Amino acid sequence: MSHDAQNAMSLQTARSRRTQAAAKLVRAFVTSPAAVFGGVLLLGFLVLAALAPQLSPQNPYDLEALDLMDNMLPPGSELGTGVTALLGTDDQGRDLLSAILHGLRISIVVGVISVLISCIIGATVGIGCAYLGGWADTIAMRIVDLQLAFPTILIALMLLSVFGRGVDNVIIALVTVQWAYYARMMRGVALVELQKEYVDAAIAFGASRKRIVFRHLLPNCLPSLIVIATIHIANAISLEATMSFLGVGVPITEPSLGLLISNGFGYLLSGKYWIAMFPGIALLLLVFSINLVGDRLRDITDPHSGFEGQ
Amino acid sequence: MLSFLVRRLFGGSLVIFVTVTLVFFSVFVLANPVDVLMSNTTDPAEREAAIARLGLDRPVFEQYFHFLWNAAHGDFGNSFVYGKPAVEVIAERLPATLELGLLAIAASVIIGVPLGFVAGMKPQSPFSKAIMTGSIFGFSVPYFWAGLMLISVFAVQLNWLPSGGRGPTTSFVGLNWSLTSLEGLSYLVMPALTLALYKISLIVRVTETSARTVNRQDYVRTAHARGVPPARVAVVHVFKNAILPVITVLGIEFGTIIAYSVSVETVFSYPGMGKLLIDSVINSDRPVIIAYVCMTSFIFVTANFLVDLIYAVLDPRVRQSISGT
Amino acid sequence: MAKTTHRRLAALALSATLAGLPVSGLAEDLKLGLMAPATTLDPHFTNAGQNLALSAHFFDTLVTTDADGKFIPGLAESWKIIDDTTWEFRLREAQFSDGTPLTAEDVKWSINRPATIKSSTASLTIYTKAIAKMEIVDDRTLRVITEKPYPLLLPDLSNIAILSKKAADGLLTEDFRTGKGVVGTGPYELVSYDPENRVVMKANDDFWGGKPDWDNVELRFLPNDSARLSALLSGNVDAIENVPSTALASLRSNAAFSVEEKTSYRFVFLFLDSGRETTPGAMANDGSALDSNPLADVRVRQAINLAINRDAIAARLMEGLAHPTTNIVLKSMDGYVDALQPTYDPERAKELLAEAGYPEGFRLNFHATNNRLMNDAKVSQAVAQMLTRVGIRTTLDSVPFSVITTRYSQGEISSAMMSWPVPTSEASFPFRALIACADKERGWGLVNWGHYCNPELDAMMAEALTVMEPAKRADALEAAVAVIGAEMPIVPLYFQVSTWAARDGINIAARADERTSARIFSTSE
């Protein structure tokens, strides 16, 4: 019994310690008004994206729900189905509000998932290379060089010709081009970290490899990774938009924010501003909010800033 | 040091060889060039004749060895679209993208490094906070969106700058350059600015992070404690060390210019390499695609090699580890 | 002397008539924004519209087309048909820009040149292969003898630029990049060529058609719609081709610019895979395979024809830049059937589907380009929308053309939206390529992606093509097109409308053949 109680106690302590750490993080986070603004905005976007099917007055991906006769209506017009298009309609008669909500969903999924996968692959390879060195390092880095030399568009187009247009193919293409960047970056950061005194000290104290990598190297490399990853979510969303713009992105009947913008692109100079403008604003705010949050997270997870949750 | 050089040279050549081989076999996934380019032709005999003329009817491996043999002699074949050597097609476009990329990189260094450094040295000042928020906004704008906004304001509304295309060129070392005249430069301003917007933000952030990290190092504190003038600390101790990650990022960014200039070149109808690649992929112009990737892999390998060298020169610890192996 | 002046005046008057414009007095400079960059200066390298449009500045062809696509004298001032296979061309008195006079030898050599270019993927030999031999009668008379009776010789020859043998003999395509060999009889002379960027040229004052309209011409290649448009709006260029439809309305109402449009000879249509037993892209509503190919049933094809609201596409997506049709030629061309008019009747379409055994419709995969035709991505979405509304639940794959050709070669295309030009101004040209049974020997049906095959219809067309008398041939073509209207092997949607815009003070002679050159612009003073 005493054994169990002890276990439970220690578990509870660990849990409360973790809760405390989390609370500290949140407190640190809310001291920056910009970050709070970004966080609320981002949370809002996430909720909107998650509830897109429930919130949208129209299913923008259902061709039967669209009517060409409703196309390019200005904001506030009423559609043939009786729905009011608060943000107007696009060239296919899609309600822009619905399209933006669904587009947010695709853009977030594509951006976050591709960066997450690239980060995991890249960080593993990069830190591994820096730690192991030697031939493993050389070979991995040459593969990275090779990868970086291979043009995105070529990869995207080849995937497209083999598998067709699709969200999954966009993610694969994005991961293929991005992981190498993280690998190189993380290797550089890890190399610098490895030279630092604390690693020498840890080795001198007889710390295991695993402990050095996970306890020392990874937390110290993390801030750089978060900075780059934040920047790259924006980049991934832009890249997805670029691919859609060039005709190798998501399916045209299921537009992401990027595709909505490029669809409305031509109308911008002809006075039908809403088709490109509203998705453009949504995209800007989405990326801006992600970046504001990422920026703050970087500040408070930085081991030297005093906010570390230990 | 010599063994380091030899190893990198060997490794680099291997990368280029493997890349080119990969691309050579990948382009067969793309459409048959004859079908793409012969769309208005109604004669099957002519189709087969064209396929035979271009050697596309031979087995893939025979084509591959044929290609290797010619490539070893510097011949990548004639472009299917332009009817002249692929290398020449690329050489014609290279200066356009180089000019664009160099201007963008120059802008990002000239604007980004000082701003980022200032923000990193005094992270609490309102000016620094404004810079950092501004940089966040900077990379929140997609290239083609920024480009379109610039066009509609500066070309259409204000009529200050040309809306697209490339300016008049003058020939220098056999290539066409447009940087040489003021008019040529005027065509470059908007695309370069569009391309630089993201890079400036990136450089600001990397410099800031790096400067802030270095600023907290013990040797910097020691220098301050020893009474070294703050300006001297900033330049000698902080700047020199803070610049390393910036160089890494610049090296990579330079290599990615070509890949990322695609959308800028498309928006501005700018005849550079990015657009050439798109067009070549769309038209299945295989010789151009292969020569192109061969060249970009060469640029990447060289850029990475140079970055490592600069590291070695600037950072004694890395230098030691290189000469030690 | 008097005679020369007279001839010059006559030539001047002729060139003015060609352009359909008054003779202009003052000449000046023209900057022209074009969409597609020419790939080379060699006019015989590849059969691409933008290359032939560029070469029209420097070179002439024996026969040329007027704004409506009718064939009129070019370097040949007249021709006559001597027998069913022999044509005699009388050459104009003209000289090349290097001062040497044009001779029948230059013409013969030029017509033979495309066959000598080995590196071409789209050879111009398709326009010369009907010719068996050529005989030089005298310096200004050439006889062209065809293998068999061939009424389409004039359209073919309108694509072959006449070069100076003296200047271009022995040159390869790659030698042209420096401007070598660009010695022609056309209205302009090359000054400089910066590939994909700009071409600068100056007037050829000795042009046989009189002094050209412009002293200096600069062509600028601006493929991006917005960039091209804003170049015009900001005064960077004086005129552009292919005005983006999205900007048409605001440009029309702007007094500082003039816009001209003309129905082009290119039509957009749907391929339906009607020839195969089963087709991979047609499925039952639950996604399971169908026992038969629904598109093989003419009622289904007619239902698709009735389901598409062409007027809505033209008005809502194309800003009027589409001319709805169910014919495969324009009204002015041979083979046009007046009774074939586009109808939109979704209720009847549903009835027809039910009669064909698909009361609940079926699923269809639909391919369309996204980089090749005006607004192709938008129009294909609208088509998918309209088909879905009558019960054919359509999945659109909007991809670059190269991807579609790959899919086709793998047999994966069940329906696709494509376009085809009618440069011959008669119905057999699109028929032979798109609808005729695939027949390698004859060279018919090379792009028959619907696998449609109707031997009786082929026979009707073949018969029509041997008739040398124009009116009778037109009747025979009409009879064949009427069958096409009933059978719907392809579903024609609309003819594209070409547009040009220029700053005020420039006249535009709009053309049906999509080829823009400085020749179609003139000052209005």
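Lettering follows sequence order; numbering is per chain, from 1. It should be emphasised that the depicted structure is a prediction, and the values quoted were computed from it without experimental measurement.
Residue with the most contacts toward chain C among B/Phe80, B/Tyr270, B/Trp160, B/Tyr82: B/Tyr82 (heavy-atom pairs, distance under 4.5 Å). Interface check for chain B: of the options C/Ala438, C/Pro195, C/Ser234, the most heavy-atom pairs under 4.5 Å are formed by C/Ser234. Note: C/Asn236 leads C/Asn236, C/Val237, C/Thr173 in heavy-atom pairs under 4.5 Å with chain B. The candidate from C/Met418, C/Arg198, C/Glu174, C/Arg177 with the greatest count of non-hydrogen atom pairs under 4.5 Å with chain B is C/Arg198.
Taking CG of C/Asn197 as the reference point, atom CD of B/Glu92 lies at 11.0 Å (rounded to 0.5 Å). Rounded to the nearest 0.5 Å, atoms OG1 (C/Thr369) and CD1 (B/Ile282) are 11.0 Å apart. A distance of 10.0 Å separates CZ of C/Phe45 from NZ of B/Lys84, quoted to the nearest 0.5 Å.
Neither the backbone nor the side chain of B/Leu276 comes within less than 4.5 Å of any heavy atom of chain C.
The closest donor-acceptor contact from the side chain of C/Thr39 to the backbone of B/Val81 lies under 3.5 Å.
The 12-atom threshold is exceeded at OH of C/Tyr408, counting heavy atoms of other residues, nucleotides or ligands nearer than 6.0 Å. Counting heavy atoms of neighbouring residues, nucleotides and ligands inside a 6.0 Å radius, atom CZ of B/Phe154 does not exceed 12 of them.
The cationic atom of C/Arg220 (NZ for Lys, CZ for Arg) does not lie both less than 6.0 Å from the six-membered ring centre of B/Tyr187 and within 45° of the ring axis.
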